[in-house]
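Here the structure is laid out as structure tokens; the discussion comes afterwards.
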Amino acid sequence: MALFDNKERTNLEELGEFGLISYLTKNFALSQKSTLKGVGDDAAVLDPEGKKVLVSTDMLLEGIHFDLAYTPLKHLGYKAIQVNLSDICAMNAIPTQVTVSIGLSSKFPLEAVEELYKGIYVACEKYNVDLVGGDTTSSKQGLVISVTSIGYADEKDIVYRNGAEEGDLICVSGDLGGAYTGLQLLEREKLIYLENPNIQPDLEGKDYIVERQLKPEARKDVVELLKEIDVKPTSMIDVSDGLASEILHICKQSDKGCNLYEEKIPLDPMTFETAREFNLDPTVCALSGGEDYELLFTVKQADYDKIKFKMDISIIGYITESNAGCNLITKSGVVHPLKAQGWNAFKNGE
Ligand code: ADP
Ligand code: MG
């Protein structure tokens, strides 16, 4: 698990800042019509072609947001891009450009930065997004990555968090809780490794949830699907902090309440099994785990027929008036007020 051991190391000082930037960016082809100028001048030049511009930024710090003990740099680059693209998708828009800024401490050789950029490029190519700029600095300690993503949309297509109406159906894509249970697994293997470096990590049969943690996917396909079936959500958010926190954001900003049904929350069998292994309630993993990067959205009841058979979309509840509060109806029919955190009470109370 240790990083960059027994590998070729090229000191970043040998290249210098400009050498590094051109080394990292020279092979990246631009594919978006809206990119007039990418890397290489004082600023990128973009053409919104009469549309509204959506911009979102995230910063990731080593030791706070990621742990290089079990995060391969290539995966980290990939994830840094995906979590940003997810924010543009959550506005019902398609991301088209990103900028990537990095702070590097002296422990990172060129080979490490190259790995990081490999992941960045795989993500950009897969999602047809242009890398159009960034910044490169040194950091005293650890790795810092900040990504800004940009997308364009017609004003009428943009979906905010505040548009949910009473009676709307609450939908979520994919399945939830996987990234969190994957993280539990990686943290466990890290501890075992630190105690005995000769023991290899045992992640056998757990690929899905480990991938959910290390290699999330922005649900651009869901944005495209909704367009295809002519459904415009009334509100939308991406699931970065857990289902409970996200639905509370929608309800608060829309000034509404909600009823969520525990039995409807989509869980992968591996998430379920692994949560149980760790003595965690799988529902709590979905509600409070986070990092699944699925899309949570509300639609008008009239759109029910258009989405009811969509394999990858689950209807998990409905919007109520604000006085009814935000509730989870458990499998046994008990009504629990939803909280963004503090699920222990719920777990013990069941
Ligand atoms: P300035 O001194 O004006 O900030 P830089 O030398 O930092 O310019 O950047 C030169 C060019 O390289 C710019 O187009 C910038 O956006 C791009 N760039 C710098 N760092 C990165 C990076 N880490 N990834 C991608 N592009 C970068
Ligand atoms: Mg700069």
Side-chain angles (χ1 to χ4, degrees), residues 3-4 7-48 53-66 68 71-88 94-152 215-216 218 220:
L3 285 166
F4 335 122
K7 286 193 189 152
E8 210 179 314
R9 287 184 64 103
T10 310
N11 245 329
L12 287 180
E13 278 143 38
E14 287 174 33
L15 279 122
E17 186 191 329
F18 302 123
L20 175 65
I21 295 170
S22 68
Y23 186 85
L24 292 174
T25 56
K26 65 176 188 267
N27 289 327
F28 191 70
L30 300 173
S31 63
Q32 290 287 347
K33 213 163 75 259
S34 52
T35 309
L36 303 185
K37 176 78 189 178
V39 170
D41 212 312
D42 295 312
V45 182
L46 308 176
D47 180 5
V53 183
L54 299 112
V55 181
S56 180
T57 297
D58 274 307
M59 183 181 271
L60 301 173
L61 304 183
E62 183 178 353
I64 308 279
H65 302 103
F66 58 89
L68 290 178
T71 311
L73 282 159
K74 190 171 168 186
H75 286 71
L76 180 62
Y78 190 87
K79 181 168 175 174
I81 298 293
Q82 292 295 344
V83 305
N84 255 273
L85 301 184
S86 178
D87 283 322
I88 300 292
I94 301 293
T96 42
Q97 284 91 11
V98 289
T99 64
V100 175
S101 298
I102 48 175
L104 299 162
S105 70
S106 55
K107 78 174 173 185
F108 295 96
L110 175 65
E111 289 74 12
V113 188
E114 252 187 306
E115 276 301 297
L116 182 75
Y117 267 75
K118 269 187 202 160
I120 289 172
Y121 284 144
V122 171
C124 287
E125 269 159 23
K126 187 164 170 194
Y127 280 70
N128 198 21
V129 161
D130 288 348
L131 174 67
V132 297
D135 200 21
T136 309
T137 70
S138 50
S139 99
K140 277 233 159 111
Q141 230 184 358
L143 176 62
V144 182
I145 311 172
S146 175
V147 178
T148 297
S149 54
I150 296 161
Y152 308 98
K215 204 169 166 289
K220 177 178 152 178

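Just follow the structure's listing: the first ligand is 1, and inside any ligand the first atom is 1. For this chain, numbers begin at 1 and follow the sequence in order. Here the structure is a predicted model, which is why all the values come from computation and not from measurement.
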Which atoms of ligand 1 sit under 4.0 Å from any heavy atom of [X]?
X: Phe18; value: 6 (O)
X: Val100; value: 22 (C), 23 (N), 24 (N)
X: Thr25; value: 25 (C), 26 (N)
X: Ile102; value: 23 (N)

- Given side chains that start at C-beta, do those of Val39 and Phe28 come closer than 4.5 Å, heavy atoms only? no
- Can you check whether Leu85 reaches Val98 side chain to side chain, under 4.5 Å on heavy atoms? yes
- Message: Using 0.5 Å steps for rounding, measure from the OG1 atom of Thr99 to the CD1 atom of Ile150.
- Response: 6.0 Å
- Is the closest heavy atom of Asp42 to ligand 1 under 4.0 Å? yes
- Task: Return the option from Gly40, Gly133, Gly134 holding the heavy atom at the smallest distance from atom 14 (O) of ligand 1.
- Result: Gly40
- Note on the structure: Among Thr99, Val39, Asp41, Leu104, the residue with a heavy atom nearest to atom 13 (C) of ligand 1 is Asp41
- Within reach of ligand 1, part of Phe28 (heavy-atom separation under 4.0 Å): neither
- Task: Quick one: look at Thr136 and ligand 1, take heavy-atom pairs under 4.0 Å, and tell me if it's side chain, backbone, both or neither.
- Result: both
- Message: How close do Asn128 and Ser31 get, counting heavy atoms only, and between which atoms?
- Response: OD1-OG, 2.8 Å
- So with a 6.0 Å cut-off around NZ of Lys33, is the heavy-atom count from everything else above 12? no
- Let me know which of Leu15, Thr136, Asp135 forms a side-chain contact (heavy atoms from CB on, under 4.5 Å) with Ile21. Thr136
- When you check the side-chain N and O atoms of Thr148 and Asn84, is any donor under 3.5 Å from an acceptor? no
